[in-house]
Amino acid sequence: MIKLVISAVVVLIAAYFRFYVTAPAYRLTNDPKVIITNQNSETYTFKIRSADSNGSKFEFETLIKHDGLCGSKVSPFQRPCTPPIHIHRFQNETFEVLKGKMTYYLNGETGTLSAGDKPIKITPFNKHTFWNEGNEDLLVRITLEPALFSENFFENLAGAGRDGLMSFIQATLFTCSEPVIFTENPLSAHPLLREIICFVGKHLLGYRSFYPEYTTTHRDILLTDYFY
């Protein structure tokens with residue numbers, strides 16, 4: 001526990017002096033429903049926003065190219081398109097492969113899904129991630145239920161990365177607004193340390209959960225800023 005506290009202090013000091021972690025380049029398109037990330041290696045297309053479903057779900061499609069930063073020549077967990085292993089505290093997440101082949105990690109085991117296979121639903125508190133397994137582009141439809149702030153999470157993650165503002169503190173603050181926990185990092189995974197990082201990051205270091213310049217649903221900014 002002492003080592004975790006010391007590590008958290010070191011990270012906070014580093015963030016204060018803006019020693020940012022290098023992030024991939026991001027580009028937002030003119031269409032607020034489309035986000036191109038990771039040097040054109042991945043595209044998010046929003047299909048059903050929270051407002052469209054009265055908050056019941058958020059649905060989007062992610063296209064991951066088979067070459068470049070996220071291609072098979074790079075180890076899956078070193079690809080920027082592979083989400084960190086994480087859990088959702090209050091959401092179900094469903095994956096449906098529309099094109100290509102996807103490998104998923106679930107609680108220490110791996111499996112594959114191809115186009116036409118039955119979708120897989122991952123319930124709260126199950127560790128998971130996924131990546132493109134084949135030699136062709138992967139197109140996956142992802143549904144998060146309920147929606148919560150998921151669309152704003154992806155918008156701000158992409159925007160902060162594009163503008164070179166991404167850091168451990170900022171990424172953790174985004175996850176505090178969206179109830180996601182990156183389970184493999186002891187600082188962000190520990191409930192108390194995570195809340196301390198979020199509080200200090202926002203109230204002392206000037207970070208925010210959502211930024212108006214990245215967010216299309218401004219109502220959600222007010223709701224989240226009330227809590228963080």
Side-chain angles (χ1 to χ4, degrees), residues 14-15 18-47 58-88 93 95-106 110-115 120 122 127-144 150-175 178 180-185 188 211 213-215:
R18 295 300 192 265
F19 290 127
Y20 289 117
V21 175
T22 301
Y26 285 75
R27 177 168 67 86
L28 303 185
T29 68
N30 292 326
D31 185 345
K33 291 187 176 182
V34 179
I35 299 175
I36 300 175
T37 78
N38 297 318
Q39 299 180 14
N40 295 325
S41 293
E42 184 175 19
T43 301
Y44 300 136
T45 303
F46 295 175
K47 293 297 185 179
F58 166 60
E59 185 175 284
F60 69 102
E61 293 177 2
T62 178
L63 175 66
I64 302 176
K65 294 186 176 180
H66 71 282
D67 52 7
L69 291 179
C70 302
S72 58
K73 293 182 179 180
V74 182
S75 175
F77 288 100
Q78 294 179 348
R79 303 174 194 172
C81 300
T82 301
I85 297 174
H86 62 283
I87 63 172
H88 298 277
E93 185 170 25
F95 295 88
E96 180 183 2
V97 176
L98 305 178
K99 176 185 177 182
K101 184 178 181 181
M102 180 188 91
T103 292
Y104 61 89
Y105 168 98
L106 179 60
T110 59
T112 60
L113 281 180
S114 298
I120 180 174
I122 298 176
K127 295 182 180 182
H128 65 282
T129 188
F130 73 98
W131 57 87
N132 185 356
E133 184 63 30
N135 294 318
E136 63 176 318
D137 295 349
L138 172 67
L139 181 62
V140 184
R141 178 179 295 142
I142 300 175
T143 306
L144 289 155
S150 295
E151 61 195 73
N152 299 149
F153 171 81
F154 284 104
E155 289 175 332
N156 281 264
L157 190 69
R162 177 200 64 181
D163 293 342
L165 302 177
M166 188 56 67
S167 67
F168 172 77
I169 300 294
Q170 183 62 82
T172 302
L173 197 59
F174 286 155
T175 66
E178 180 69 13
V180 174
I181 297 176
F182 296 145
T183 58
E184 305 310 293
N185 188 306
S188 58
Y211 296 88
E213 57 267 39
Y214 304 141
T215 310

Legend entry - Residues forming a side-chain hydrogen bond (donor to acceptor under 3.5 Å, both in side chains) with Ser188, sequence neighbours excluded: none
Inset, instruction - Say whether, by atom type as modelled, one donor and one acceptor occur between the side chain of Arg79 and the main chain of Gly71 under 3.5 angstrom. - result: yes
Legend entry - Stepwise side chain to side chain contact (heavy atoms under 4.5 Å, CB included) test for Met166 and Leu157: CA-CA 8 Å; Met166 188 56 67; Leu157 190 69; 3.6 Å; yes
Legend entry - Heavy-atom check, side chain of Leu69 versus side chain of Val74, under 4.5 Å: no
Legend entry - Test of ring centre spacing under 6.0 Å for Trp131 and Tyr105: no
Legend entry - Where Ile35 and Phe154 come nearest, the two heavy atoms and their spacing: CD1-O, 4.1 Å
Inset, instruction - Could you tell me which non-hydrogen atom of Leu138 sits nearest to which non-hydrogen atom of Val140, and how far apart they are? - result: CG-CG2, 3.5 Å
Legend entry - Between CG on residue Asn185 and CD1 on residue Ile85, distance to nearest 0.5 Å: 12.0 Å
Inset, instruction - Kindly indicate whether the side chain of Tyr104, heavy atoms from C-beta on, has any atom under 4.5 Å from the side chain of Ile122. - result: no
Legend entry - Heavy-atom check, side chain of Leu113 versus side chain of Glu96, under 4.5 Å: no
Legend entry - Glu133 vs Met102, side chain to side chain contact (heavy atoms under 4.5 Å, CB included): CA-CA, chis, key distance, verdict: CA-CA 5 Å; Glu133 184 63 30; Met102 180 188 91; over 6 Å; no
Inset, instruction - Report the C-alpha separation of Tyr214 and Asn152 in whole Å, then their side-chain angles, then the decisive distance to 0.1 Å, and conclude whether the side chain to side chain contact (heavy atoms under 4.5 Å, CB included) test is met. - result: CA-CA 8 Å; Tyr214 304 141; Asn152 299 149; over 6 Å; no
Legend entry - Contacts of Phe95 that satisfy ring pair (Phe, Tyr, Trp, His ring centres under 6.0 Å) - sequence neighbours left out: Phe130
Inset, instruction - Could you check Thr45 against Leu63 for side chain to side chain contact (heavy atoms under 4.5 Å, CB included), going step by step and ending with a plain yes or no? - result: CA-CA 8 Å; Thr45 303; Leu63 175 66; over 6 Å; no
Legend entry - Sub-4.5 Å side-chain heavy-atom contact between Asn132 and Cys70: no
Inset, instruction - Check whether any side-chain heavy atom of Gln170 sits under 4.5 Å from a side-chain heavy atom of Tyr211, and report yes or no. - result: yes
Legend entry - salt bridge (charged side-chain N to carboxylate O under 4.0 Å, His left out) against Glu61, all qualifying residues, sequence neighbours excluded: Arg141
Inset, instruction - Locate the shortest heavy-atom distance separating Glu93 from Ile142; write the atom from each residue and the value. - result: OE2-CG2, 3.3 Å
Inset, instruction - Look at the aromatic rings of Phe60 and Phe58 and report parallel, tilted or perpendicular, splitting at 30° and 60°. - result: parallel
Inset, instruction - Using side chain to side chain contact (heavy atoms under 4.5 Å, CB included) as the criterion, list what pairs up with Pro84, not counting sequence neighbours. - result: Phe182
Inset, instruction - Looking only at non-hydrogen atoms, find the nearest pair between Ser72 and Asn135 and report the distance. - result: OG-OD1, 3.8 Å
Legend entry - Asp67 atom CG, neighbour heavy-atom count above 12 within 6.0 Å: yes
Inset, instruction - For the pair His128 (side chain) and His86 (backbone), establish whether a donor and an acceptor sit closer than 3.5 Å, ignoring hydrogens and angles. - result: yes
Inset, instruction - Could you tell me whether a side-chain N or O of Thr129 sits under 3.5 Å from a main-chain N or O of Pro83, the two making a donor and an acceptor? - result: yes
Inset, instruction - Drop me the distance from Thr62's OG1 to Phe46's CZ, to the nearest 0.5 angstrom. - result: 10.5 Å
Inset, instruction - Would you please name every residue forming a ring pair (Phe, Tyr, Trp, His ring centres under 6.0 Å) with Phe174, sequence neighbours left out? - result: none
Inset, instruction - State which residues pass ring pair (Phe, Tyr, Trp, His ring centres under 6.0 Å) with His66; sequence neighbours excluded, sorted by chain then number. - result: none
